[in-house]
Amino acid sequence: MTITGPTTTTGTFEDVVRRRLSRRDLFRVGVVVGGGAVVAGAAGPALARPGHGGGPGGGPGGGPAAHAFDLTTWTAAQPTAPAPFDAPVIAPEFTHDVVIRWGDPLRPGRAPFDVTALTAAEQAERFGFNADYTAWFPRRRGDTGPRAGTEGLLWVNHEYTDPVMMLPGYVEGSPTREQVDIELAAHGGSLVRVRQERDGSWRYEPHRDNVRITATTPMQLTGPAAGHPLLRTSADPTGTRVLGMLNNCGGGVTPWGTLLTCEENVDQYFANRSTVTDARQQASLTRFGVPEGASERRWEAHHPRFDLAQEPNEVNRFGWVVEIDPYDPRATPRKRTALGRFKHEAAAGTTTADGRYAVYSGDDSRFEHVFKFVTRDRVSPSARRNRDLLDAGTLYAARFDDDGSGVWLPLVHGQGPLTPENGWADQAEVLLYAREAASALGATPMDRPEDIEPNPVTGSVYVALTNNSRRTETDAANPRPGNATGHVLEIVEAGSDAGATTFAWGILLLAGDATDGAVYGGFTPDQVSELACPDNLAVDSLGQLWIATDGAPSAFRGRPTAMNDAVLGLPVVGSGRGRTQQIFGAVYGAEMTGVFFNTTETTMFASVQHPGEGGTLAEPTSNWPDGGTSVPRSAVVAIRRR
Ligand code: FEO
Ligand code: CA
Ligand code: CA
């Protein structure tokens, strides 16, 4: 495909970046656009960015140390085995450790995992199912010393459960109460102590202070929608207290050292949409995909809160961004309603030019929207003072115009079409029905917006659009009909300010078969690692972009060489812009998620999610990571230089 116009060509878009970045920005971050070099400068943001901050540290003699993941210093992994193949592939300069996997005990002195002995009480103190987003925190808030690279607190989301792969004797359509309770306990997230040994390998430490958060952990709803009648239930007449979080997919880390974890596909947990009589709620639940009758999981058989016939508002308490303080694990997690309710993939942010905080979030469904939330107040140097920062601000949805410009449309009650005359009673309704509000404003329907990640080095923001098989009418931002392999957009905010309400945008890459329509910069098929279905993103302190994929095996099915999902890196500026390099390939049936670096960026953590998907406990299609005839177990890997 020939890429034309201001929205697409590599050189042209670099010119846009160059124009948008002020001289001051260029000096501050040491960016050389188009010159092949990107160097992170010493001047950082006022607050260290946990997990991304600090860079690789000083080298001998005070010069910059080589960055372990510098794309110019290693060779791409080769995904060449015939399908199905069930061993990870890794770039030859790197090695990996399996750090923690489903069922591993978080407390000391517990028995090793035994799938036949799992109870709900046991699962609540063991690593959950389907590891997703990971986030690294140094043991002490803000620590950037040498120990911050080798001893940390690792957060891991547990997105969802697959009962046929985890529960012996599971009968689809009629789970026992204990089986459902195991599933509830396998959701949520884990916060575990991890450590790098002298030989370089990583392991987790069972510890009484490791944390499990599940689908029954008490949480607080905060912000403009908290307490609204549509959030009240018989168990919680205040509309402010909710049990648990569900389908936590991606996330983000704030400059004040807290974690944002995002509820995504929450529709699958609720049953009996047909009983809902309110027309707007019926339409919203239909758009979310809540089943008309029984849910596939049948949790409603044992927990009435998942039955809309009995609790029509419980579903409104899911689909939010949850903030958790890893340094105060007893504090109640808070669902921040100001950021809107939709299928949040993730929530990564950056500070605005005037010191407020902007959080980007994709709504991962076909034809849904890209969002940004900007706080009302500035980020304080005191973590305490930022405690409720995310409760006040403006939520925007993106309109991508065909000329390569764009507008952030505010979801503010009383403005534009969001008025009482049009049926919008208050701001709580605007946030609760954020999808419908964004559509009313004219936001662009996208090809499944997944992770969105600002690049602190270049000032650009990257948007993963994973695929959209149902697209027929194209536009410049979603240019392929039946988009099977996805693409990545680049946004440059006006004035390079995340608080801006307009932006320029372009297409960084069109994923897929490099011999058939995909575009990886100007590179030829033999010069790149192909990818399909970009999902999670990360950016390192060199400004390199990292992409984890979900869907490559089916997108590339029928080709002579098979490909499992993978993690790839690419430069986004300079002559290498768009040249992808695979660093790690997953095992059979798995997607890759959750790329995150330790403070010193010597190690990349990532999750191998749902290895052996499609199999069952009785007939597994993967035996990773334990081999032999063992059951597959989703796990976090640590990738490091040999
Ligand atoms: Fe949970 Fe959109 O991936
Ligand atoms: Ca994802
Ligand atoms: Ca995904």
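Counting convention: from 1, in listed order, for ligands and their atoms alike. All residue numbers refer to positions in the sequence shown, counting from 1.
- For an aromatic pair to be called close, the ring centres must be under 6.0 Å apart, and Phe94 with Phe584 fails this.
- Salt bridge Arg435/Asp363: present, at least one basic N to carboxylate O contact under 4.0 Å.
- Taking 3.0 Å as the threshold, Asp535 counts as a candidate ligand of the Ca ion (ligand 2), since one of its N, O or S atoms lies below it.
- Looking at Tyr133 and Phe596, their side chains come closer than 4.5 Å, going by heavy atoms from C-beta outward.
- Looking at Glu345 and the Ca ion (ligand 2) together, the shortest N, O or S contact belongs to OE2.
- Counting backbone and side-chain atoms alike, Asp364 contributes no N/O/S atom closer than 3.0 Å to the Ca ion (ligand 2).
- The atom of Glu264 that is an N, O or S and sits closest to atom 1 (Fe) of ligand 1 is OE1.
- Looking at Glu159 and atom 1 (Fe) of ligand 1 together, the shortest N, O or S contact belongs to OE2.
- Within the 4.5 Å cutoff, the side chain of Glu493 has heavy atoms near those of the Trp408 side chain.
- The nearest N, O or S atom of Glu345 is closer to atom 2 (Fe) of ligand 1 than 2.8 Å.
- Screening Phe288, Trp299, Phe306 for a ring-ring contact (aromatic ring centres under 6.0 Å, His included) involving Phe270 leaves a single residue, Phe306.
- Taking the ring centre of Phe503 as origin, the terminal cationic atom of Lys372 falls outside the region bounded by 6.0 Å and 45° from the ring axis.
- Rounded to 10 degrees, the OD2-metal-OE1 angle spanning Asp364 and Glu450 at atom 2 (Fe) of ligand 1 equals 90°.
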